[in-house]
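Data first, discussion second: the structure below is written as structure tokens.
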Amino acid sequence: MALAFAARGLAKRYGTIEALSGVDLEIREGELVGLLGPNGAGKSTLVKIACGLVRPSSGSAEICGAPAGSRAARASLGYLAELFRFPGWASANEVLQLHQRLAGSEGGAEERADLLELVALTDAGERNVDAMSKGMQQRLGIAQALVG
């Protein structure tokens, strides 16, 4: 299987703080990986580099063979922030439609329906975010990360 993510000699320094030191990691398509470690271990920094939100001090990171942060890498990546809030007045479909526009997805109503089904929110497409439980909002967040 092809590599979904690859890091080679990845390091990040914030002044005198070493957030990452020589990370080598390969994740193949279809693999599920969890990042575990104490506060300050570099988990969030690694994810931010993968998403192109932070640049490494040294080393390299690739998403599906493209440099992390590049247009091609961003098009292959879905991201759900740890702390997120969707507008309470928006319906699940409106949230997904917005994210389709942001991602340049042409999947339309069919993609939205498929994503809502995938996260067990098939009957919640017209429900406003404020009327959803926290668990439902989290599942909607997963659906938005998978847009495109």
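Computation of the quantities below employed the complete heavy-atom set of this structure, encompassing side-chain atoms and omitting hydrogens, waters and symmetry-equivalent molecules.
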| query | According to the side chain to side chain donor-acceptor pair (under 3.5 Å) rule, which pairs have a member within residues 103-121, sequence neighbours left out? | reply | Q100-E111, Q100-R112, S105-E111
| query | What side chain to side chain donor-acceptor pair (under 3.5 Å) pairs are there with at least one residue in residues 56-73, not counting sequence neighbours? | reply | none
| message | Side-chain heavy atoms nearer than 4.5 Å, only ILVMFWY residues, links allowed to pass through others: does that put V33 and L36 together? | response | no
| request: Output every pair passing salt bridge (charged side-chain N to carboxylate O under 4.0 Å, His left out) with a member in residues 134-143, not counting sequence neighbours, ordered by first then second residue. | output: none
Which distance, rounded to the nearest 0.5 Å, do you find between the [atom1] of [X] and the [atom2] of [Y]?
| X | Y | atom1 | atom2 | value |
| --- | --- | --- | --- | --- |
| I63 | L3 | CD1 | CG | 10.5 Å |
| Y79 | R74 | OH | CZ | 14.5 Å |
| R13 | S21 | CZ | OG | 8.5 Å |
| H99 | E94 | NE2 | CD | 12.0 Å |
| L20 | K12 | CG | NZ | 9.5 Å |

If every non-hydrogen atom of [X] is compared with every non-hydrogen atom of [Y], which pair is closest and at what distance?
| X | Y | answer |
| --- | --- | --- |
| A50 | A68 | O-CB, 3.7 Å |
| D130 | W89 | OD2-N, 4.4 Å |
| A73 | P67 | CB-O, 3.2 Å |

| task | Show which residues join I142 in its hydrophobic cluster (side-chain heavy-atom contacts under 4.5 Å, direct or indirect), or state none. | result | L80, F84, F86, V95, L96, L115, L116, L118, V119, L121, V129, M132, M136, L140, L146, V147
| query | Are there more than 12 heavy atoms of other residues, nucleotides or ligands under 6.0 Å from atom CG of D24? | reply | yes
Using distance only, find each side-chain donor-acceptor pair of residues 4-11 under 3.5 Å and give its atom names and separation, not counting sequence neighbours.
none

| request: Under the salt bridge (charged side-chain N to carboxylate O under 4.0 Å, His left out) rule, collect the residues that match up with R55, sequence neighbours excluded. | output: none
| Are any of the side-chain heavy atoms of L46 and L25 separated by less than 4.5 Å? | yes
